[in-house]
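See below for the structure under consideration.
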Amino acid sequence: MDILSMAEKIAAGDRRSLSRAITLIESGRADHRQDALALMEALAQRPERRQAIRIGLSGTPGVGKSTFIEAFGMFLTGLGKRVAVLAVDPSSARSGGSILGDKTRMERLSRDPAAFIRPSPSQSQLGGVARRSREAVTLCEAAGFDVVLIETVGVGQSETMVAEMADLFLLLLAPAGGDELQGVKRGIMEMADIILVNKADGELKSAATRTCADYAGALRLLRKRPQDPEGFPKAMTVSAVEETGLETAWSEMMTLIGWRQETGHFEGRRAEQARYWFREDVRNGLLAQLETPEARAEMVRLAEEVGAGVIPASAGAEAMLGWLRG
Ligand code: GDP
């Protein structure tokens, strides 16, 4: 494969090359991995030095993520922006199926020539999903997209992963009765830069306004973060169906990003994220060494010995680590 010409085509905004490159980084084959690494390096050395705004978006199924992304994506392309949508779907790591991969989602946006939608890769472990998504974000950035939206379902670890690859993290919520505030884990609230209470329309409007006020109150109780200007993180209402609140939401995002760019927090966070992913990749690489058939067999053999009381657990672990070091 001609990596340099692929990098060139991606930088020229060629979608087919971008799609092929994402397929390449998603591949588990060792030779593909080498090509993918070479491609990422080639892109890092390109003169364009493009920077997209990377926006993470999380919310439980049914809050309206796809409806919102479609509406917000169309709003952004209407402003003349090029928008890429990527999905990080932790369920695909377990089941091999992808709930965010449904082709019928975001039909209008997918027909928009200024938009690019990529469903999440299936059949890989969570660490793998994270790395691939992060590389896909970089590819979209190199391809000249202005905004990269990274969507995830609100379960478990996936928010942390997405927050670690985004400049801005949005939490999408639905209007709720008062007791549901506790349903959102504190850790996830703390990650959010902007909470969007969706479905602020029709009969749900007043409930949405109330929910928004509740969350605004809860956000005020959180410790102030150095990367936030006055008034952030904040909660606001939107309606993805009626396409209201999108402009205000975008303007708040721009305010936040602008402030972070001026104060150095934007670059600082990206550097921090690069270090985070470096450490994660090392960790995952080490774990992958345990997954080879030979290593598994050695693990089983030593575990038997430990179980039978032939050697203590700690000695077994030492023996295994020694085996891995060769
Ligand atoms: P996702 O699972 O988070 O991607 O949610 P969807 O976008 O598929 O939306 C789930 C349901 O909520 C659908 O029936 C949507 O029509 C509905 N929905 C999404 N956004 C809104 C909104 O702004 N207002 C109202 N009333 N319904 C909405």
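Both ligands and their constituent atoms are indexed starting at 1 by order of listing. What you see below is based on every heavy atom in this structure, not just the backbone, and it leaves out hydrogens, waters and symmetry mates.
In terms of polar-atom proximity, defined here as any N/O pair under 3.5 Å, G64 does make such a contact with ligand 1. For the pair L204 and ligand 1, the shortest N or O to N or O distance does not fall below 3.5 Å. Geometrically, ligand 1 and F68 share no nitrogen or oxygen pair separated by less than 3.5 Å.
Listed by number with element, the atoms of ligand 1 under 4.0 Å from a non-hydrogen atom of T60 are 3 (O). Proximity to K65 (heavy-atom distance under 4.0 Å) selects the following atoms of ligand 1: 1 (P), 2 (O), 3 (O), 4 (O), 5 (O), 7 (O). Below 4.0 Å from some heavy atom of P61 lie the following atoms of ligand 1, by number and element: 2 (O).
Residues F169 and S58 approach most closely at CZ-CB, 3.6 Å, considering heavy atoms. Between L109 and A115, the closest heavy-atom pair is O-CB, 3.4 Å.
By heavy-atom distance, the residue among D201, V238, T244 lying nearest atom 26 (N) of ligand 1 is D201. Nearest to atom 4 (O) of ligand 1 by heavy-atom distance, out of A240, S66, A174, G62, is S66.
Within the 4.0 Å heavy-atom criterion, neither part of L172 lies near ligand 1. Using a 4.0 Å cut-off between heavy atoms, N198 contacts ligand 1 through its side chain alone, with no backbone atom that close.
Looking at heavy atoms from C-beta onward, D228 lies in side-chain contact with P233 at the 4.5 angstrom threshold.
E252 is linked by a side-chain hydrogen bond (donor to acceptor under 3.5 Å, both in side chains) to K234, counting only residues two or more places apart in sequence or in another chain. Among residues two or more places apart in sequence or in another chain, the side chain to side chain contact (heavy atoms under 4.5 Å, CB included) test is passed with W323 by E294, A295, E298, M320.
Side chain of R296 to main chain of E291: a donor-acceptor pair is present (N/O by atom type, distance under 3.5 Å, no hydrogens or angles).
Aromatic ring pairs are classed by plane angle as parallel below 30°, tilted from 30° to 60° and perpendicular above 60°; the pair H265 and W259 is parallel.
At a 4.0 Å cut-off, at least one heavy atom of S239 sits close enough to ligand 1 to count as contact.
V238 is not connected to L204 by any chain of hydrophobic side-chain contacts under 4.5 Å among Ile, Leu, Val, Met, Phe, Trp and Tyr, and they are in different clusters.
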